[in-house]
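Only one structure is covered here, and it is reproduced in the block below.
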Protein chains: 2
Amino acid sequence: MLSLQTLRDQQDGVFTPACPSRVVLDHVTSKWGVLVLAALADGTLRWGEVRRAVGGISEKMLASTLKTLEADGLVSRTAHPEVPPRVEYALTPLGEGLVEAMSPLLAWVAAHAEEIVSG
Amino acid sequence: MLSLQTLRDQQDGVFTPACPSRVVLDHVTSKWGVLVLAALADGTLRWGEVRRAVGGISEKMLASTLKTLEADGLVSRTAHPEVPPRVEYALTPLGEGLVEAMSPLLAWVAAHAEEIVSG
DNA sequence: CCGTATCCTCACAGATACTG
DNA sequence: CAGTATCTGTGAGGATACGG
């Protein structure tokens, strides 16, 4: 099974406290990051659509989560100069790779959530 | 690609605000949860070994993280009645399944961290 | 419609000290 | 060795109001 030790055998010092992977892991596994990325997996969404798709996220946290993901190069933002304004968010190729890597985790959690909370 | 919508098509209401999967997702993607689980993927570890394997985690957070994971049925705790005390932690079958589902994500983050932070 | 700005709070998290 | 106890702060996150 893939363990921390296995990863470190392949890549020296990975996931040690000072390693950048710790920062990326924090972004990716932030409270809302996973859900926003998964929401965009279907394709481009507008701001309000992301908000509804995720559900329960405040405007402030959506803005901040999208900014972090955009700064990380995982999500792209396209503003259309119209009235009323239209802004669209989509996964970058990098973000698509990440969502694929997250998929088994999401599927597992969806499948086992009931078992765990009732357990 | 696996999206929120895809998951909801298969399982009505999953990952909506009131769904238990949100709680499980929070536990699993907590700051230290991922790293502790990955550390245990190699096999049984003693308290101090987990602490060293993860790196940078305080005693308080290790205790609290292990408790949450144990309560979720993902990690088992075995206290050996010896002096000095010896306590061992291991993944349960459920936890092993979770770690397998997390593996692609960890591998992806390890592979792309540098690329992301350097922007 | 798509955000910013502001204020507030509470639980996450670190540091330190101590115990069976 | 394997924790618990306590104190403290920081910032993630929510609510509300407002602006382009």
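Order of the sequence lines sets the chain letters (A, B, ...), proteins ahead of strands, with each chain counted from 1.
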Glu49(B) CD - dA2(D) P separation (whole Å): 8 Å
Residues in contact with DNA chain D, drawn from residues 27-39 of chain A - heavy-atom cutoff 4.0 Å: Lys31(A), Trp32(A)
His112(B) and Leu94(A): which non-hydrogen atoms are nearest, and at how many Å? CD2-CD1, 3.6 Å
For Asp42(A), enumerate each residue passing the side chain to side chain contact (heavy atoms under 4.5 Å, CB included) test, keeping only those at least two apart in sequence or located in another chain. Ser3(B), Gln5(B), Thr6(B)
Heavy atoms of Val54(A) and Ala39(A) approach each other most closely as CG2-CB, 4.2 Å
Please list all pairs passing the ring pair (Phe, Tyr, Trp, His ring centres under 6.0 Å) test where one or both residues lie in residues 29-83 of chain A, with sequence neighbours left out. none
Give me the residues of residues 53-71 of chain A where at least one heavy atom lies under 4.0 Å from an atom of DNA chain D, by number, or none. Ser58(A), Glu59(A), Lys60(A), Met61(A)
Taking side-chain hydrogen bond (donor to acceptor under 3.5 Å, both in side chains) as the cut-off, I'd like each qualifying pair that reaches into residues 12-21 of chain B, sequence neighbours left out, listed once. none
Expressed as a whole number of angstroms, how long is the span from Arg22(A):CZ to dA13(C):P? 13 Å
With sequence neighbours left out, which residue pairs that include part of residues 61-79 of chain A fulfil the salt bridge (Lys or Arg N to Asp or Glu O under 4.0 Å) condition? none
Dot-bracket for DNA chain C, 5' to 3', counting Watson-Crick or G-U wobble pairs under 3.5 Å, with [ ] for crossing pairs and | for inter-strand pairs? |.||||||||||||||||||
Who pairs with Ala110(B) by side chain to side chain contact (heavy atoms under 4.5 Å, CB included), at least two apart in sequence or on another chain? Leu7(A), Gln11(A), Val14(A), Phe15(A)
Contact class for Arg77(A) (heavy atom, under 4.0 Å): base, sugar-phosphate, or nothing? sugar-phosphate
Got a sec, which pairs hit salt bridge (Lys or Arg N to Asp or Glu O under 4.0 Å) with one end in residues 109-119 of chain A, sequence neighbours left out? none
Name all residues meeting the side chain to side chain contact (heavy atoms under 4.5 Å, CB included) criterion together with Ala111(A); count only those two or more places apart in sequence or in a different chain, and write none if there are none. none
Val24(A): which residues meet the side chain to side chain contact (heavy atoms under 4.5 Å, CB included) condition with it, sequence neighbours left out? Val28(A), Val109(B), Ala113(B), Ile116(B), Val117(B)
Does anything in residues 91-110 of chain B pair up under salt bridge (Lys or Arg N to Asp or Glu O under 4.0 Å), and if so which pairs, sequence neighbours excluded? none
Between dG3(D), dC1(D), dC2(C), spot the one nearest the side chain of Tyr89(B), thanks. dG3(D)
Is the distance from OP1 or OP2 of dC2(C) to the nearest side-chain N or O of Arg46(A) less than 4.0 Å? yes
